[in-house]
Amino acid sequence: MNQITFKQYRNIDLVIWTILLIIFETITTFATTKWFAAQAVAISISLALICIVMMRWSGYAAILAVVGGFVYCLASGAEPKQYLIYCIGNLFSLIALLLFKVFDKEKIRTDIPKLVVFVLVAYIGMALGRGAVTQFFGGDIKAFVVFATTDIISLLFVEVILILLRKSDGMIEDQKTYLLRLDREKKEKEAAPEQEEEYFL
């Protein structure tokens, strides 16, 4: 069986995460807009998966940002302008990528305070992005506050999820670094028996 290329691996991985987002975002959207519509807060899976993919593939998380906004609007029966508010607004969560310039991605993954800040920046960016697009359509300035507060449970959810996932091998690790590490560890294991044999001889 031929090995897949790095590009093929990346594309397959992105497709899997996108499918997971579509499934779970549809479920959570129905839950918050139809089944428990009276609740003042909402729960969304989009931010969690966007943050995970940012850690794995950096800017390719833009795909999930747009898809997440589209799925939410489709499942909630949104108006046409809301598609732009959420799809474009979600892209602002990628402002958290700037932290990769300040801190090494691996340090963000392994250091809980830095990971918490990473998620928080993504959350604030998403809220500001949605609010900014709302302003473009003549919305109220209070939109910024609304977007920041209604998804507060989602923020807490994402923080917990990523803190737990950091201990899962490769889950929120840069995938190029992860694959190179696996290859290095494999070569070290293969070399170990040969070294032991030479030692005993």
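Numbering starts at 1 and runs along the sequence shown.
- Taking CG of Leu99 as the start and NZ of Lys107 as the end, the distance is 13.5 Å to the nearest 0.5 Å.
- Taken to the nearest 0.5 Å, the CG atom of Leu155 stands 11.5 Å off from the CZ atom of Phe157.
- A search for salt bridge (Lys or Arg N to Asp or Glu O under 4.0 Å) contacts involving Arg56 returns Asp13, not counting sequence neighbours.
- When all heavy atoms of Glu159 and Leu120 are compared, the pair lying nearest together is OE2-N, 3.8 Å.
- Of the inter-residue distances, the one linking Ile108 atom CD1 with Cys51 atom SG reads 10.5 Å to the nearest 0.5 angstrom.
- Nearest approach of Ser46 to Gly68, heavy atoms of both residues: OG-CA, 3.5 Å.
- The heavy-atom pair separating Met54 from Ala122 by the smallest distance is CE-CB, 4.0 Å.
- The ring of Trp17 has its center no closer than 6.0 angstrom to the ring center of Phe24.
- Here Leu180 sits alone; no ILVMFWY side chain lies under 4.5 Å from its own, so it joins no hydrophobic cluster.
- Side-chain contact, Lys105 with Ser58: a donor N or O sits under 3.5 Å from an acceptor N or O.
- Met55 and Leu91 fall into different hydrophobic clusters, where Ile, Leu, Val, Met, Phe, Trp and Tyr residues are linked whenever their side-chain heavy atoms come under 4.5 Å apart, directly or through other members.
- No continuous path of hydrophobic side-chain contacts links Val66 to Leu84 [ILVMFWY only; heavy atoms under 4.5 Å].
- Expressed to the nearest 0.5 Å, how far CG of Leu20 lies from CD1 of Ile45 amounts to 9.0 Å.
- Although no hydrogens or angles enter the test, the distance criterion places a donor-acceptor pair under 3.5 Å between the side chain of Gln175 and the main chain of Gly170.
- Put simply, the side chain of Ile163 reaches to within 4.5 Å of the side chain of Val116, judged on heavy atoms.
- Side-chain atoms of Thr5 come within 3.5 Å of backbone atoms of Gln8 as a donor-acceptor pair (strictly under, hydrogens ignored).
- Once rounded to the nearest 0.5 Å, the distance linking CD1 of Ile112 with CG of Leu162 reads 11.5 Å.
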For a ring pair (Phe, Tyr, Trp, His ring centres under 6.0 Å) check, start with the C-alpha distance between Phe6 and Trp57, then their side-chain angles and the critical distance, and finish with the verdict. CA-CA 12 Å; Phe6 179 73; Trp57 300 108; 5.5 Å; yes

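- In summary, of the residues considered (Val71, Leu49, Ile52, Leu47), a side chain to side chain contact (heavy atoms under 4.5 Å, CB included) with Leu64 occurs for Leu49 alone.
- Tracing side-chain contacts under 4.5 Å through hydrophobic residues (I, L, V, M, F, W, Y), one reaches Ile12 starting from Ile172; they form part of the same cluster.
- In terms of the side-chain hydrogen bond (donor to acceptor under 3.5 Å, both in side chains) criterion, residue partners of Arg181 (sequence neighbours excluded) are, by chain and number, Asp169, Glu173, Glu185.
- Between Phe70 and Tyr83, a ring centre-to-centre spacing shorter than 6.0 Å is recorded.
- Considering all non-hydrogen atoms of both residues, Gly69 and Cys87 come closest at C-SG, 3.8 Å.
- Here the two rings, on Phe118 and Phe103, have centers that are 6.0 Å apart or farther.
- For the residue pair Ile50 and Ala65, the shortest heavy atom distance occurs at CD1-CA, 3.5 Å.
- Atom OH of Tyr9 is surrounded by more than 12 heavy atoms from other residues, nucleotides or ligands within 6.0 Å.
- Leu182 is connected to Ile4 through a chain of hydrophobic side-chain contacts under 4.5 Å among Ile, Leu, Val, Met, Phe, Trp and Tyr, so both are in one cluster.
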Is there a side chain to side chain donor-acceptor pair (under 3.5 Å) between Arg130 and Tyr86 once you walk through the steps? CA-CA 6 Å; Arg130 291 173 177 177; Tyr86 282 88; 5.0 Å; no

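- Distance check: Asp174 CG to Leu179 CG gives 9.0 Å after rounding to the nearest 0.5 Å.
- Hydrophobic clustering keeps Ile23 apart from Leu74 (ILVMFWY residues linked when any side-chain heavy atoms are closer than 4.5 Å, directly or through intermediates).
- Within the 3.5 Å criterion, the main-chain N or O of Ile22 finds no donor-acceptor partner in the side chain of Glu25.
- Contact check for Leu14 versus Tyr60: side-chain heavy atoms found under the 4.5 Å cut-off.
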Take Phe100 and Asp104 through the side-chain contact (heavy atoms from CB on, under 4.5 Å) test and state the conclusion after the steps. CA-CA 5 Å; Phe100 296 161; Asp104 183 81; over 6 Å; no

